[in-house]
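Structure, as structure tokens:
In what follows, every chain begins at residue 1, and chains take the letters A, B, ... in the order their sequences are listed.
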Number of protein chains: 2
Amino acid sequence: MTNGKTAPMTRIQQKNRQLILDGALGVFASNGFRGATIDQIAKAAGLSKPNVLYYFRSKDEIHKTLLTRLLEMWLAPLSRFDPKGDPLEEVLTYVRAKLHMSRDYPRESRLFANEILQGAPHLTEVLEEDLKTIVDRAVVVIAGWMDQGRLARVQPQHLIFSIWSMTQHYADFDVQVRAVLGPGHDPFDEAEKFLEQLYRKMLSV
Amino acid sequence: MTNGKTAPMTRIQQKNRQLILDGALGVFASNGFRGATIDQIAKAAGLSKPNVLYYFRSKDEIHKTLLTRLLEMWLAPLSRFDPKGDPLEEVLTYVRAKLHMSRDYPRESRLFANEILQGAPHLTEVLEEDLKTIVDRAVVVIAGWMDQGRLARVQPQHLIFSIWSMTQHYADFDVQVRAVLGPGHDPFDEAEKFLEQLYRKMLSV
DNA sequence: GAAATTATTGACCAATTGGTCAGGGTCACG
DNA sequence: CGTGACCCTGACCAATTGGTCAATAATTTC
């Protein structure tokens, strides 16, 4: 039942596991792991607490499932760099993709931020294997462009960090961004223009 | 006793309140507010739980005290922009100051990040008053430089966001940064060089 | 449509946790 | 050196919370 690969899931299992994960995503994102209670998750999912624990062995398992699913989606765009494409446009496409993810999936961004902030207790091994591998591949592509003189030379890893931090900032620090801007602003729209300017100037040779 | 202004504090009060705040900073930073327990704080401070509650009425009060103190230190460098200085150097000085704060006070950075991530339940009013006021002042100075053609024109608020997000990233997402870089890197040293390049190119007219 | 399987829940438990309190120790100060 | 204010703690409490379980309801299967 907890094994997605072999055990065939009934319709009810499909539906309820999804309800739980959806509810839990919001609860974890806005309260952190320790701050989230199974009761809150159950309520958000529209189920009873024992019923939640019927579909997931523990709170930990819900959290872990969520993180695993999330990580795939989160890292996917990084694998889409095309060495044959126009370097600057490739980077800008990635920046936009990440920014739109922050805008459209802020709960996912916050869940991830929470986890990393706490020292990634459930992610350390994934971080050091999958993540590093994916980033390393992207770094090779980017460094290639720089070697060819098609992109200004900067340390590729930090270029990637800059994209992550600035785009995720608009999801994770949303309240702060809005408090500073005040009413009458569209943070994500403005951010998109700002980031395009920034990377065009920075990366042009 | 809880009022720092009028009531004179004994040596013991001074010392123990400081011990508690120091201990609590670490505990809150690495566990979040809900994840932190008074027992952990007491242990970190080397005091008994009831003794901690002798110096602070509640866990909330410790947290609030910490945030208030922190916010001052955190925002101070933003007020130091000198309209008469060299624009690019002024910005770079601020960037360096923030990066060094991330390096030297990562617990403070994480405490702050945790609070904002949870929607800033204890900071909303401060955020919308003090923070906005300070930022608005800095925005005026920066916009002035741009009007004089001494700095490339970008939206000043987002310039500030970019500095905050990229510098704090190295404290808040430390595990991720180190996982990606692997051994043999000094994240903060590299970041300093990267950020200098970035802002020089971006802000040069 | 009955048996077998799956789904659901109220009631409960043990552990944790924020906070209290009475009583005893310690320190400053006259 | 005595006394009042300050400091500290073991024992305790009520609320919360992760998780269990026996019993019941709903579905599927044959």
Quick one: is [N] close enough that its OP1 or OP2 comes under 4.0 Å of any side-chain N or O from [X]?
| X | N | result |
| --- | --- | --- |
| R11(B) | dC27(C) | no |
| Y54(B) | dC7(D) | yes |
| Q13(B) | dC7(D) | yes |
| T10(B) | dC7(D) | yes |
| Y55(A) | dT6(C) | no |
| N16(A) | dT8(C) | yes |
| N51(B) | dT9(D) | yes |

Point to revise | Note: D174(A)-R178(A) ion pair, threshold 4.0 Å (strictly below) | key: yes
Review point. Salt-bridged, R57(B) to E61(B), with N to O below 4.0 Å?
Key: yes
Review point. Between W164(B) and F161(B), how do the two ring planes meet: parallel, tilted or perpendicular, split at 30° and 60°?
Key: tilted
Check your understanding: Under 30°, 30 to 60°, or over 60°: which ring-plane class applies to F28(A) and H63(A), parallel, tilted or perpendicular?
Key -> perpendicular
Check your understanding: Rounded to whole angstrom units, what separation is found between the CZ atom of F56(A) and the P atom of dT20(D)?
Key -> 15 Å
Point to revise | Length of the CD1-P vector between I12(B) and dT9(D), whole Å | key: 12 Å
Polar atom pairs between nucleotides 17-20 of chain C and protein, under 3.5 Å, N or O only, would you list them?
unit_1  : atom_1 : unit_2 : atom_2 : d
dT17(C) : OP1    : R34(A) : NH2    : 3.1
dG18(C) : OP1    : A36(B) : O      : 3.2
dG18(C) : OP1    : K59(B) : NZ     : 3.0
dG18(C) : OP2    : I38(B) : N      : 2.9
dG18(C) : N7     : K49(B) : NZ     : 3.0
dG19(C) : OP2    : K59(B) : N      : 2.9
dG19(C) : N7     : K49(B) : NZ     : 3.4
dG19(C) : O6     : K49(B) : NZ     : 3.1

**Study point:** Sequence-distant partners of P121(B), side chain to side chain contact (heavy atoms under 4.5 Å, CB included), two or more places apart
**Key:** E115(B), Q118(B)
Point to revise | Closest approach of A36(B) to N31(B) (non-hydrogen atoms, all atoms of both residues) | key: N-CB, 3.9 Å
